[in-house]
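One structure is given below, encoded as structure tokens.
Numbered from 1 within each chain, the chains take letters A, B, ... in sequence-line order.
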Amino acid sequence: MEYNFKEIEQKWRQFWEDNQTFKTDINHNKPKYYVLDMFPYPSGAGLHVGHPLGYIASDIIARYKRLKGFNVLHPMGFDSFGLPAEQYAIQTGQHPAITTEENINTYIRQLKQIGFSYDWSREVRTSEPNYYKWTQWIFMQLFNHYYDKNANKALKISSLIEFFAESGNKTVNAVCDEDTAIFTAEEWNLMGEEQQQKVLLKYRLTFPDESVVNWCPGLGTVLANDEVKDGVSERGGFPVEQKKMKQWAMRITAYADRLIDGLNEVDWSDALKEQQRNWIGRSTGASVRFSVFDARSSGQNSEDLPQTSKNEHRTSIEVFTTRVDTIYGVSFMVIAPELDSVPSLTTSEQKEAVDEYIKWVASRTELDRMSEVKKVSGVFTGSYVINPFNNEKIPIYLADYVLAGYGTGAVMGVPSGDQRDWNFAKHFNLPIVPILDAQKDMDEQADNTKEGKYINSGMINGLTYKEATKVLTDFLEEKGIGKGKIQYRLRNAVFSRQRYWGEPVPVYFKGDLPYLIEESELPLTLPVIDKYLPTETGEPPLGRAEGWKYQGEYEYELSTMPGWAGSSWYWYRYMDAHNENEIASPEAINYWKAVDLYIGGSEHATGHLLYSRFWNKFLKDLGLVPEEEFAKKLINQGMIQGRSNFVYRLKSSEGQGKNPIFISYGLKDKYEVTDLHVDVNIVSNEILDIEAFRNWQPDYKNAEFILEETGSNQGKYICGVEIEKMSKRWYNVVNPDTLVDKVGADTLRLYEMFLGPLEQAKPWNTNGIDGSFRFIKKTWRLFYDDLGNFKVKDETPNPAELKVLHACIKKVEEDLERYSFNTVVSTLMICVNELGALKCSKKAILQELVILMSPYTPHISEELWTLLGNKAGTISYAQFPKFNPVYLVEANFEYPISINGKVRANISFPTDALPSDIEAGVLANEIVQKWLEGKAPKKVIVVPKRIVNVVR
RNA sequence: GCCCGGAUGGCGGAAUUGGUAGACGCGCUGGUCUCAAACACCAGUGUCUUCAUUGGCAUGCCGGUUCGACUCCGGCUCCGGGUACCA
């Protein structure tokens with residue numbers, strides 16, 4: 001009987017389906033374990049061979065943990081809102097829901113084929129109203145909460161309202177907009193409803209915010225920072241520009257400290273944690289307020305005054321600096337051209353130049369700006385500020401190297417201590433004042449070191465960096481013109497997208513003010529629209545929905561939520577996927593708690609993984625979830641890159657009607673050739689299947705080939721290789737369906753794990769898959785002889801066989817516990833090879849081998865399990881074999897050798913060479929004496945028997 | 001520029017705590033089976049030297065610590081990822 005994977009895999013897929021084998025329920029008698037994959041966006045291309053890599057690993061852990069007696073939650077779902085389905089809708093008019101549904105069906109079929117042990121009854125789809133109802137509900141909670149710094153958590157906005165009514169906001173220590181004014185209880189109570197609501201928006205954790213955002217005209221929507229790569233949109237690669245717009249924002253900055261601190265308690269890779277820390281970018285420094293030089297009071301010509309300054313000119317500019325110690329070196333101030341205060345700081349003489357500069361800055365895209373980083377540009381505003389430490393008059397410039405979005409959008413320029421400031425000063429001929437005695441060559445470049453004593457620095461002359469910083473900060477605080485401050489790079493997250501295919505925001509507007517719809521009216525479902533494009537007046541697509549008004553009267557919010565909304569809490573929905581009254585029942589949440597193992601790509605480091613941590617912390621503040629961090633352990637599987645093959649067409653054979661001639665790789669340099677991609681599926685070990693190639697494309701039907709002339713590949717056509725992204729147009733996409741059809745799902749699973757360490761990025765290469773297939777066939781032969789007779793006997797195993805088995809058990813268990821998936825495959829292969837060599841077909845051995853293999857090769861393992869007479873479909877519950885060390889007799893005993901009281905060496909002997917410890921000690925001594933001859937040690941002591949080093 | 005990884009045979013990779021470097025697989029070579037091929041099986045396979053034994057050299061480069069270094073330390077080179085006028 002042949003190993004017939006098609007039949008076997010089909011049979012067990014059906015069995016699992018019929019018996020709902022992987023359905024999981026709460027079970028308080030078992031420890032729980034939650035293994036989660038990052039759910040995919042169901043794209044139209046279906047799964048390629050890279051997708052399942054992480055899923056296979058997580059499935060192995062899920063199956064392993066079940067074998068160890070855990071109650072395992074292992075779900076799968078779909079992040080089904082997103083741009084591609086909507087882009088497709090724009091082109092074809094097909095509703096994105098239909099496209100999405102079709103794609104999901106393909107995904108499910110492919111996933112089931114590979115034999116994942118998901119509990120499909122818990123599947124979630126973020127684009128289903130019964131799911132996004134709860135995404136909207138969480139949004140409403142964010143709107144209804146503010147962040148209290150004293151309690152260090154989110155609290156109800158209603159309690160803030162009560163507090164305002166009683167004591168105003170002066171003593172409130174909460175995260176709010178920088179420009180929030182102080183008011184008393186009396187003033188609060190005198191405010192109208194509208195005024196009060198406006199104030200509250202400054203505190204709410206989600207709020208409409210007028211800010212500089214990444215606007216992508218190509219996609220017609222704003223994007224978050226993590227959705228922009230190198231100045232273009234991550235999806236589609238369209239240019240992105242900076243634009244000031246009113247958008248929903250999430251006050252993620254309120255959680256900045258907790259997001260940094262929480263990283264210490266999770267088992268994630270250092271690289272990823274570091275990436276998040278950098279993204280949050282906590283920097284310690286000080287804020288300093290510079291008062292604007294008032295020309296009137298100093299008796300200057302009033303024509304010089306800023307034009308709009310009559311009533312509302314700014315009296316001071318605040319900057320943030322990490323180097324307050326350099327304050328005496330300030331020779332100019334730079335502010336971002338986008339700031340509101342620019343006009344009020346511009347004098348009439350400079351107005352023309354300033355306007356021109358602002359226009360120029362606005363005309364540049366992110367990409368332009370980034371590529372011209374080195375170029376100095378800027379313009380003088382005509383105004384000055386006063387350095388509070390030495391009362392010097394300092395000119396204010398505009399320059400686009402200062403970002404409106406970071407700090408206050410204003411920077412003090414210290415050319416001696418900062419290279420960019422130095423460049424700027426050189427360009428505009430501003431003074432460069434050395435402030436440390438160690439600074440000499442100010443003509444060449446800035447010196448940002450903190451070594452030496454201060455000079456030219458008033459009150460800090462002669463002090464060191466540490467002393468100076470303290471003196472200055474104290475002075476600032478005493479005078480009330482500044483203070484020590486912690487600044488974050490992290491911005492509040494933009495939460496609107498001007499697109500159709502996303503969660504509607506459950507908000508309507510009365511005039512300018514947003515109000516939440518009633519909770520009982522959730523979900524607010526997507527309305528039907530005629531076209532998936534912005535309206536003629538430039539409103540988002542939802543503006544097309546006819547009669548879509550709250551209570552028939554008020555405008556709904558027309559933008560939708562961003563892609564990360566639905567994915568920021570989905571792991572809770574799996575716990576209780578069909579709950580209609582809550583995100584999930586408290587019972588379920590308190591049982592499953594948090595994700596024990598999360599597997600997915602590192603590309604989500606500063607997006608999904610950060611937002612999810614943020615929402616999780618918020619949900620914890622609400623008392624809805626028990627854990628501060630949602631994923632205890634995270635593994636980033638490496639990306640699978642494409643591996644393209646090339647053929648080389650002779651240039652003279654190109655053109656209409658000519659017979660194409662192809663030159664083999666080894667000879668191509670002798671001819672003029674064109675490199676052409678060839679379908680990797682008709683190339684094996686770089687050898688082209690010529691027949692298949694001729695049939696591949698009609699043009700090649702009569703192709704001729706110049707083959708290798710020498711070496712082991714003589715007479716073959718060899719293709720070239722390059723590593724590229726997996727993409728249809730390079731013909732390098734390897735589809736799991738094809739492989740499952742050729743060698744079966746078990747082989748595919750085994751092979752993907754065998755490729756190398758999970759975390760490592762690697763090109764896909766089907767070359768070695770035969771080895772995995774062979775391993776499975778060898779396993780099969782332990783059960784059947786050449787004639788197809790079942791040969792397993794119920795006999796007592798001998799020590800040699802037990803030794804092979806137990807060595808395998810030990811290694812498999814150790815490696816799985818440290819997530820070393822590839823070495824497990826090697827171990828299993830060794831075990832099968834050795835059992836084959838021993839001609840071992842004993843039931844006691846084989847049934848344990850089958851269990852060891854089952855996480856990797858579920859289908860054939862289930863089949864063999866039944867063949868061994870065990871009940872069908874039951875390799876599940878606490879059956880992982882026990883490691884029995886008795887049979888690991890062949891060990892090395894190690895002898896540490898001391899010379900002059902210090903352990904200098906270890907010598908080890910296999911036990912079978914050692915009749916006794918004493919003899920071993922003597923032997924070791926003799927060897928050491930010989931070995932050390934000439935080195936003349938005073939005394940050599942051998943301490944017998946220490947450690948047992950297990951060898952196979 | 002800054003931060004984080006990595007570099008081991010022809011190839012993918014192993015070596016878990018400083019202790020036999022190259023497990024396992026691919027490929028290749030030879031053999032068995034076959035009329036022949038494919039499949040399968042068996043053996044060999046870092047490199048130099050040698051008929052062979054043996055021996056020398058080998059984990060990107062230079063140096064250090066150690067009885068002993070792929071592993072630890074210092075200094076480079078190259079590759080990959082992240083991030084960027086972040087004040």
Side-chain angles (χ1 to χ4, degrees), chain A residues 225 229-230 269-279 281-283 285 319-323 326 334 369-370 372-376 399-403 405-414 417-421 423-424 448 487-491 602-603 605-606 636 638-639 641 685-686 711-713 721 750-751 754-757 759-763 765-772 774-775 777-778 781 786 811 814-815 817-818 820 822-830 833 836-837 892 894 896-899 902-908 910 928 931-932 935 937 947 949 951-952:
Chain A
N225 284 349
K229 293 261 141 74
D230 301 325
S269 75
D270 289 338
L272 196 119
K273 289 201 263 190
E274 201 54 31
Q275 221 174 305
Q276 289 212 342
R277 283 192 196 103
N278 291 341
W279 189 262
R282 176 157 67 185
S283 47
V319 299
F320 173 75
T321 176
T322 53
R323 288 293 302 275
T326 62
V334 196
R369 217 170 60 80
M370 284 191 339
E372 291 169 19
V373 163
K374 293 253 156 61
K375 217 169 122 189
V376 178
D400 69 347
Y401 82 83
V402 173
L403 306 174
Y406 183 72
T408 57
V411 171
M412 61 185 215
V414 185
D418 184 286
Q419 191 56 43
R420 293 157 309 177
D421 295 348
N423 293 345
F424 195 80
N448 63 5
Q487 183 69 44
Y488 301 91
R489 196 191 87 112
L490 184 71
R491 314 302 329 135
S602 60
E603 65 272 21
T606 51
N636 290 123
M639 236 224 319
Q641 297 142 305
N685 286 320
E686 311 342 327
S712 53
N713 288 318
V721 182
L750 211 53
Y751 182 62
F754 188 62
L755 275 176
E759 291 94 333
Q760 198 171 300
K762 54 219 154 205
N765 187 345
T766 313
N767 287 353
I769 203 163
D770 291 347
S772 303
R774 229 168 268 158
F775 161 67
K777 287 189 283 194
K778 273 185 205 169
R781 279 201 298 273
D786 296 342
K811 187 101 170 68
E814 277 172 5
D815 287 352
E817 293 291 345
R818 67 188 176 106
S820 175
N822 53 332
T823 50
V824 172
V825 182
S826 297
T827 307
L828 292 171
M829 285 179 173
I830 292 168
N833 275 341
N892 278 349
E894 225 171 69
I897 296 154
S898 309
I899 301 174
K902 190 183 169 197
V903 176
R904 307 304 292 240
N906 294 311
I907 285 191
S908 56
V928 170
W931 169 57
L932 289 174
K935 288 186 183 173
I947 200 168
N949 180 23
V951 294
R952 276 196 301 109

* Check every strand shown and say whether A/V402 touches a base, only sugar-phosphate, or nothing at a heavy-atom separation below 4.0 Å. => base
* Do the side-chain N or O atoms of A/Q760 get closer than 4.0 angstrom to the phosphate oxygens (OP1, OP2) of B/G13? -> yes
* **Proximal nucleotide (of B/C85, B/C24, B/A14) relative to the A/I830 side chain** => B/C24
* To do: Name the nucleic acid region contacted by A/N822, choosing base, sugar-phosphate or nothing; use a 4.0 angstrom heavy-atom cut-off, strictly under.
  => sugar-phosphate
* Contacts of type ring pair (Phe, Tyr, Trp, His ring centres under 6.0 Å), residue A/Y401, not counting sequence neighbours -> A/F424
* Asked: B/C41 phosphate, OP1 or OP2: any side-chain N/O from A/R781 under 4.0 angstrom?
  -> yes
* Structure fact -> Looking only at B/C85, B/A87, B/U83, the nucleotide nearest the A/V411 side chain is B/A87
* To the nearest Å, how far apart are A/N225 CG and B/C86 P? -> 15 Å
* To do: Specify the separation, in whole Å, of atom CZ of A/R489 and atom P of B/C86.
  => 10 Å
* Asked: Looking at A/R277, does any N or O in its side chain come under 4.0 Å of the phosphate oxygens OP1/OP2 on B/U83?
  -> no
* With a 4.0 Å cut-off on heavy atoms, is A/D270 in touch with a base, just the backbone sugar-phosphate, or nothing at all? -> nothing
* Asked: When all nucleic acid strands are considered with a 4.0 Å heavy-atom cut-off, which category describes A/K273: base, sugar-phosphate, or nothing?
  -> nothing
* With a 4.0 Å cut-off, would you call A/E814 and A/K811 a salt bridge? -> no
* Asked: Counting only side-chain N and O atoms of A/R323, is one of them less than 4.0 Å from OP1 or OP2 of B/A87?
  -> no
* Structure fact -> In whole angstroms, the gap separating P of B/C85 from NZ of A/K375 amounts to 17 Å
* Span that lies between the C1' atom of B/A23 and that of B/G46, in whole angstrom -> 14 Å
* Taking atom C1' of B/U16 as reference, at what distance in whole Å does atom CD of A/E814 sit? -> 7 Å
* Structure fact -> Rounded to whole Å, NZ of A/K762 lies from P of B/A7 at a distance of 14 Å
* Asked: Over how many whole Å does the gap from A/Q276 atom CD to B/U83 atom P extend?
  -> 12 Å
